[in-house]
Amino acid sequence: MEEYANEKTVIKDSTYEAFKDLVKCSICQCLMINPVICLNSQNHFCEACIEKKKMKGGNCPNNCEDAVLKNAIKKNNLIYKLKFKCINGCNAKISFEDINNHYTSSCDS
């Protein structure tokens, strides 16, 4: 998914400009994919970023002990409002929820 939905493919329109600071991971500083929130610090992360950090023996970047993570539904809803460019060059403006369908069945390129 990260190949298709990222900072390079997001269409930088007024929707993106309004939400860009709200949809960035506080670890990688890129567009969050599968956002989660640390309930202790209230920081948001890509699920993969925080899991990678935890596997290396780390925790929440704010050093929360026993960080409790929960799906960040509100952040996910913001990401669903964004549009993305096709990496194959077909000029499609793709919604986040249609990305997989676009690349598996409807991309002309």
Side-chain angles (χ1 to χ4, degrees):
M1 178 67 75
E2 290 86 6
E3 177 183 1
Y4 306 125
N6 58 52
E7 291 292 315
K8 292 178 184 173
T9 62
V10 69
I11 295 173
K12 296 182 175 60
D13 59 7
S14 59
T15 302
Y16 173 75
E17 290 302 320
F19 298 140
K20 69 181 177 183
D21 292 332
L22 300 173
V23 294
K24 285 189 178 179
C25 172
S26 60
I27 295 174
C28 69
Q29 296 299 306
C30 294
L31 180 69
M32 282 186 277
I33 303 298
N34 298 324
V36 294
I37 183 172
C38 172
L39 295 179
N40 298 343
S41 70
Q42 297 297 298
N43 280 329
H44 292 86
F45 319 102
C46 300
E47 182 178 39
C49 286
I50 193 66
E51 290 302 324
K52 186 186 303 182
K53 189 166 180 63
K54 287 170 63 178
M55 288 185 77
K56 291 181 179 178
N59 210 336
C60 172
N62 284 13
N63 296 319
C64 298
E65 299 223 4
D66 300 321
V68 177
L69 302 174
K70 181 179 173 185
N71 288 336
I73 296 169
K74 290 180 182 179
K75 296 290 181 174
N76 211 32
N77 289 341
L78 291 177
I79 293 167
Y80 270 68
K81 293 180 185 292
L82 301 176
K83 298 286 184 193
F84 299 85
K85 308 179 251 197
C86 176
I87 65 170
N88 295 332
C90 77
N91 296 322
K93 292 182 178 180
I94 313 160
S95 67
F96 187 82
E97 62 190 338
D98 290 334
I99 286 176
N100 285 332
N101 183 48
H102 177 80
Y103 289 104
T104 58
S105 63
S106 64
C107 182
D108 297 337
S109 297

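We're numbering straight along the sequence, starting at 1. Note that the structure is predicted; figures quoted are calculated from it, not measured.
- Nearest heavy atom pair, residue Leu31 against residue Glu7, reads N-OE2, 3.1 Å.
- Distance CD1/Ile99 to SG/Cys86: 10.0 Å, rounded to 0.5 Å.
- The heavy-atom pair separating Ala5 from Phe96 by the smallest distance is CB-CE1, 3.7 Å.
- A donor-acceptor contact closer than 3.5 angstrom links the side chains of Asn101 and Ser105.
- Panel note: side chain Ser26, backbone Phe45; no donor-acceptor pair is recorded below 3.5 Å.
- Leu69 is not connected to Val23 by any chain of hydrophobic side-chain contacts under 4.5 Å among Ile, Leu, Val, Met, Phe, Trp and Tyr, and they are in different clusters.
- Atoms CG and CD, from Asn34 and Glu47 in turn, are 5.5 Å apart once rounded to the nearest 0.5 Å.
- Between Val10 and Lys85, the closest heavy-atom pair is O-CE, 4.1 Å.
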Yes or no on side chain to side chain contact (heavy atoms under 4.5 Å, CB included) for Lys75 and Leu22, after CA distance, side-chain angles and deciding distance?
CA-CA 7 Å; Lys75 296 290 181 174; Leu22 300 173; 3.7 Å; yes
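- Enclosure of atom NZ in Lys52 is not indicated, since only 12 or fewer non-hydrogen atoms of other residues, nucleotides or ligands lie within 6.0 angstrom.
- Atom NE2 of His44 sits about 15.5 Å away from atom NZ of Lys24, to the nearest 0.5 Å.
- Listed for the Tyr103 side chain is a donor-acceptor partner under 3.5 Å among the backbone atoms of Ile87.
- The heavy-atom pair separating Asn88 from Cys107 by the smallest distance is ND2-SG, 3.5 Å.
- With Asn71 contributing its side chain and Ile73 its backbone, the two residues share no donor-acceptor pair below 3.5 Å.
- Here the shortest heavy-atom pairing between Met32 and Cys46 reads CA-SG, 3.6 Å.
- Within the model, atoms CG of Asn100 and CD1 of Ile94 stand 10.5 Å from one another, a figure rounded to the nearest 0.5 Å.
- With values rounded to the nearest 0.5 angstrom, Lys83 atom NZ is found 16.0 Å from Lys12 atom NZ.
- One hydrophobic cluster, built from ILVMFWY side chains closer than 4.5 Å, cannot hold both Ile33 and Ile27; they sit in different ones.
- Both Tyr80 and Tyr16 sit in one connected hydrophobic cluster of ILVMFWY residues. Membership requires side-chain heavy atoms under 4.5 Å apart, directly or through other members.
- Here Lys74 contributes atom NZ and Ile37 contributes atom CD1; the two are 9.0 Å apart, rounded to the nearest 0.5 Å.
- Applying the salt bridge (charged side-chain N to carboxylate O under 4.0 Å, His left out) criterion to Lys93, with sequence neighbours excluded, gives no partner residue.
- Counting heavy atoms from C-beta on, the side chains of Cys30 and Cys25 never come closer than 4.5 Å.
- Surrounding CG of Asn91 are at most 12 heavy atoms belonging to other residues, nucleotides or ligands under 6.0 Å away.
- The two atoms that bring Ile79 and Phe84 nearest to each other are O-CE1, 4.5 Å, heavy atoms only.
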